[in-house]
Amino acid sequence: MDPNFAHHQIRLPSLRELGLLPYPAPKPPHEALPRSARWKANPPQLSILNQVFKTNQFPSKDTRKFLSMTLKIQPRTLQIWFQNRRQALKTRTRKPTTNSSESH
């Protein structure tokens, strides 16, 4: 490109700057956040969580918040624990399927 021509270039506004695009510009990707260590309930916590699970497999947000403060566990961690526990119960109670080729 001609160096004498460079000072004559005009920068045109982008479509986003003109308000012609409805969405905000995408944010640059952030560096991956380090994962926290995997949490494992200690025996007293596990005992309480299992007692609560026996009475209610779907505790409310308020119940999880109370448990969170009592057991010193993040509410999100408790939510995931209950999800995993329900899935484990569902998997254990599901009857094994027979292979259709064996029955013929």
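Index from 1, following the sequence. Computed from a prediction, not measured in an experiment: that's the story for all the values here.
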Exercise. Are L46 and K40 side-chain neighbours, meaning at least one heavy-atom pair lies under 4.5 Å?
Worked result: no
For this session: Taking the side chain as every heavy atom from C-beta outward, state whether I80 and W39 have any pair of such atoms under 4.5 Å apart.
Result: no
Problem set entry | Listed partners of Q79 passing side-chain hydrogen bond (donor to acceptor under 3.5 Å, both in side chains), at least two apart | R76
For this session: Flag yes if more than 12 heavy atoms outside Q74 fall under 6.0 Å of its CD atom; otherwise flag no.
Result: no
Seminar exercise, completed: Q57 and F82 have their tightest heavy-atom pair at O-CD2, 4.0 Å
Exercise. Looking only at heavy atoms, what is the nearest atom pair of S60 and N56, with distance?
Worked result: N-ND2, 4.5 Å
Extract all donor-acceptor atom pairs below 3.5 Å that involve side chains of residues 64-72 and protein atoms in other chains or at least two apart in sequence.
{"residue": "R64", "atom": "NH1", "partner": "P59", "partner atom": "O", "Å": "3.0"}
{"residue": "S68", "atom": "OG", "partner": "I73", "partner atom": "O", "Å": "2.4"}
{"residue": "T70", "atom": "OG1", "partner": "F66", "partner atom": "O", "Å": "2.8"}

For this session: Indicate yes or no: at least one non-hydrogen side-chain atom of Q45 is less than 4.5 angstrom from one of W81.
Result: no
Seminar exercise, completed: Interatomic distance, CZ@R94 vs CG@L89, rounded to 0.5 Å, equals 11.0 Å
